[in-house]
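Counting from 1, the numbers follow the sequence of the chain as shown.
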Amino acid sequence: MCGFIGIIKLNGKDVAEELVTGLLSIQHRGQDSSGIITSDRSRFHIKKNAGLVSNVFSKSDVKSLKGNVGIGHVRYSTIGFDIENDSQPFFVNYPFGIALAHNGNIANYEEIRSSLEKESHRQLTSRCDAELILNVFADEMSRTSGDFSIGKVFDSLGPLMKKLNGSYSAVAIINGHGLLAFRDPNGLRPMIFGKNDSGFIFASETVVLNLLDYTYIRDVKPGEAIFIDNNGKIHSKIIDAREKTPCMFEWVYFARPDSTIEGRSVYDVRLRLGEELAKRWDKDVDVVIPVPDTSRTAAMGFAKAIGAEYREGLIKNRYVGRTFIMPAQKKRDNAVKLKLNPITSEIKGKKIALVDDSIVRGTTSKRLVSLLRKYGAKEIHLVVTCPPIKYPCFYGIDIATRKELIASDKSVEEIRKFLGADSITYQTIEGLKRAIGMNSICTACLTGNYPTNISETDISRFEKIREEERSRVV
């Protein structure tokens, strides 16, 4: 997962300030690095580095990023932990000059990289798959001679989509010509399209549009490409559409509650996730406590449905980032210690329903149960809005190798004993689909059914790469 923005302004004004402001609103999607590239139609201007948006961009940086077209990115690592070299966006000078940023993950990265290097003599400088996508696209654009044309752009995306196995929502600048956006054929990663009187925008979440005063037009369709030329004309084409399977984890955890994904309010979905869990609840508790922040909405829906008190029993330090998206277990463990502090009066002597969005590795949940016991909880019943996560994700969520996933080889009872809870109630897949309001969603991490047909060989190779890269992270 990452967050991106692409803006083209038709009034000739610079886009850098809007990009920085917009990236701040989706900082939750990535905390490793931030980057912006703009075009003034003659050249690119770029600034990217490791760190949060507020630390990477100064006032002088914003002034130097000239141009009415730009793309911005915040990164969260799943593969490739050389944060500075892997920071997005990337650009190439030929043909035309193309810059690109994306959200997603390419499962057949190694195969395509090897082909690029051997057949097209393109040497990549990073392990980031955005650079891979960019070079595949540039390679396809270079295969046909002649001047720039919209047809050439769309014709180049056809072979690209056939080659790439994975998820990608990408924004690209074609220097001097306009802004391009395209989404993978299954629509795994979100992509929002909007406009205002001065131009057009693409973004990972609608919250960006709200903040910058753009009107939502629609979600970009699976396999669709949209090109906005310098005159503001919209050119769109379905390049390669397949079954639409957006990632369920956007609603469960990743997106902000004030965003809308695929026309479905994240806030409303999370309320329903809590209500779905309440349908199966048969225990007596004194209080419902969420694990902040993403579980709050579901906990409110759950508490109301079972007729229990909702209380804030854990207070989050807002200056500690999201532990799930930190790239190494040691960093996550240290962050958990700093992240949450209990309110003793809401815990001591209470039978608690502790609502969390998911259990991945189990380390955070184990620490939280232990913390609540330490502060006098009488009973702790874990309530989880996501079904058991049993399989790794190859589409951009850092749901790790199978041996790291606690539900991959343990029963619910074994997980309960490991965590030290009195009970665990997981969401069902059927309840998840009802809450989201879609039957066709990606549940690969729950079922092992990957919508892009990832082979066992690919899974083993991918897990090996992840293990090797994580071993190098401090």
Side-chain angles (χ1 to χ4, degrees), residues 1-3 24-31 74 76 103 189-190 204-208 246-262 264-278 288-304 310-326 332 335-336 338-342 352-365 367-369 371-372 382-389 393 396-399 424-427 431-432 435-436 441-443 445-446:
M1 298 298 295
C2 298
L24 286 168
S25 73
I26 53 171
Q27 185 76 83
H28 61 284
R29 298 186 71 88
Q31 300 167 7
V74 289
Y76 137 58
N103 166 209
R189 301 265 63 86
S204 295
E205 295 186 29
T206 55
V207 66
V208 179
C247 172
M248 62 87 187
F249 219 57
E250 286 286 346
W251 290 280
V252 169
Y253 171 80
F254 220 83
R256 273 178 45 162
D258 48 341
S259 282
T260 298
I261 305 291
E262 299 294 342
R264 289 154 175 83
S265 161
V266 175
Y267 184 87
D268 290 346
V269 168
R270 289 180 185 167
L271 278 176
R272 290 195 293 270
L273 285 169
E275 292 165 358
E276 286 291 337
L277 282 161
V288 175
I289 292 176
V291 178
D293 285 320
T294 49
S295 302
R296 281 196 172 105
T297 310
M300 286 189 285
F302 176 76
K304 183 177 180 180
Y310 170 91
R311 289 289 187 270
E312 295 283 345
L314 295 166
I315 299 302
K316 181 182 177 182
N317 180 345
R318 69 181 63 185
Y319 301 104
V320 177
R322 301 180 85 170
T323 55
F324 178 81
I325 65 175
M326 292 181 176
R332 283 189 290 268
V336 168
L338 296 170
K339 182 179 178 180
L340 298 171
N341 198 51
I352 297 169
L354 181 66
V355 180
D356 205 352
D357 50 69
S358 58
I359 299 175
V360 181
R361 301 163 184 87
T363 52
T364 299
S365 299
R367 286 186 180 277
L368 286 177
V369 171
L371 183 69
L372 294 177
L382 273 170
V383 183
V384 191
T385 67
C386 181
I389 296 172
C393 176
I397 297 288
D398 191 19
I399 294 174
I424 299 180
T425 302
Y426 276 105
Q427 185 69 262
L432 175 70
I436 294 173
I441 54 176
C442 182
T443 57
C445 61
L446 313 176

Asker: List for me each residue that meets salt bridge (Lys or Arg N to Asp or Glu O under 4.0 Å) alongside R264, sequence neighbours excluded, and say none if there are none.
Answerer: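 None.
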Asker: Kindly indicate whether the side chain of N341, heavy atoms from C-beta on, has any atom under 4.5 Å from the side chain of N317.
Answerer: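 They are not in contact (no side-chain heavy atoms under 4.5 Å apart), so the answer is no.
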Asker: Could you point out which residue of L368, T425, I359 forms a side chain to side chain contact (heavy atoms under 4.5 Å, CB included) with L382?
Answerer: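 Among L368, T425, I359, the one that satisfies the side chain to side chain contact (heavy atoms under 4.5 Å, CB included) with L382 is I359.
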Asker: With side chains defined as the heavy atoms from C-beta onward, is the minimum distance between W251 and R272 less than 4.5 Å?
Answerer: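 They are not in side-chain contact.
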Asker: What residues, two or more places apart in sequence or in another chain, satisfy side chain to side chain donor-acceptor pair (under 3.5 Å) together with E205?
Answerer: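 Scan of E205 (side chain to side chain donor-acceptor pair (under 3.5 Å), adjacent residues dropped) gives H28, R29, S259.
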Asker: Could you go through I436 and E262, starting from their C-alpha distance and side-chain angles, then the distance that decides it, and tell me whether this counts as side chain to side chain contact (heavy atoms under 4.5 Å, CB included)?
Answerer: CA-CA 10 Å; I436 294 173; E262 299 294 342; over 6 Å; no
Asker: I'd like to check F254 versus C247 (side-chain heavy atoms, cut-off strictly below 4.5 Å). Are they in contact?
Answerer: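 Counting from C-beta outward, F254 and C247 never come under 4.5 Å.
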Asker: Supply the atom-to-atom distance Q427 CD to D357 CG, rounded to the nearest 0.5 angstrom.
Answerer: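 If we round to the nearest 0.5 Å, Q427:CD and D357:CG are 12.0 Å apart.
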Asker: Taking all non-hydrogen atoms of both residues, which atom of T260 and which atom of T206 are closest, and how far apart?
Answerer: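 It is N-OG1, 2.8 Å.
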Asker: Under 4.0 Å between a Lys/Arg side-chain N and an Asp/Glu carboxylate O for E250 and R189?
Answerer: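 Yes.
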Asker: With a 4.5 Å heavy-atom cut-off, do L371 and L314 have their side chains touching?
Answerer: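 Sidechains of L314 and L371: in contact.
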Asker: Indicate the atoms forming the closest heavy-atom contact of T385 with L273, along with that distance.
Answerer: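 Looks like O-CD2, 3.8 Å.
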Asker: To the nearest 0.5 Å, tell me how far S295 OG sits from M300 CE.
Answerer: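 So the OG of S295 and the CE of M300 are separated by 11.0 Å.
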Asker: Of all the heavy-atom pairs spanning A299 and Y310, show the shortest one and how long it is.
Answerer: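 The pair with the smallest heavy-atom distance is CB-CE1, 3.7 Å.
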Asker: How far apart are the closest heavy atoms of P290 and P292, and which atoms are they?
Answerer: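 Shortest heavy-atom separation between P290 and P292 comes out as O-CD, 3.3 Å.
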Asker: Side chains of C445 and I397, heavy atoms from C-beta outward: is any pair under 4.5 Å?
Answerer: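 Heavy-atom side-chain distance check fails, nothing below 4.5 Å.
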Asker: Return yes if some donor-acceptor pair links the side-chain N/O of T297 with the main-chain N/O of L271 below 3.5 Å, else return no.
Answerer: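 Checking the backbone N and O of L271 against the side chain of T297, no donor-acceptor pair under 3.5 Å is found.
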Asker: Not counting sequence neighbours, which residues clear salt bridge (Lys or Arg N to Asp or Glu O under 4.0 Å) with D293? List them please.
Answerer: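 For D293 the salt bridge (Lys or Arg N to Asp or Glu O under 4.0 Å) partners, ignoring immediate neighbours, are R296, K316.
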Asker: Rounded at 0.5 Å granularity, tell me how far SG in C386 sits from OH in Y253.
Answerer: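 Separation between the atoms: 12.0 Å.
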Asker: Does L446 form a side chain to side chain contact (heavy atoms under 4.5 Å, CB included) with I389? I'd like the steps, not just the answer.
Answerer: CA-CA 5 Å; L446 313 176; I389 296 172; 3.9 Å; yes
Asker: Taking side chain as C-beta onward, heavy atoms only, is P190 less than 4.5 Å from N103?
Answerer: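 Answer yes - side chains close enough.
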Asker: For the atom pair CZ (F249) and SG (C393), what is the distance rounded to the nearest 0.5 Å?
Answerer: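 Separation between the atoms: 9.0 Å.
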Asker: I need the minimum non-hydrogen distance between S204 and I261, along with the two atoms involved.
Answerer: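 Closest approach of S204 to I261, heavy atoms only: O-CD1, 4.1 Å.
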Asker: How close do V269 and A435 get, heavy atom to heavy atom, and via which atoms?
Answerer: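 So the two residues come closest at CG2-O, 3.7 Å.
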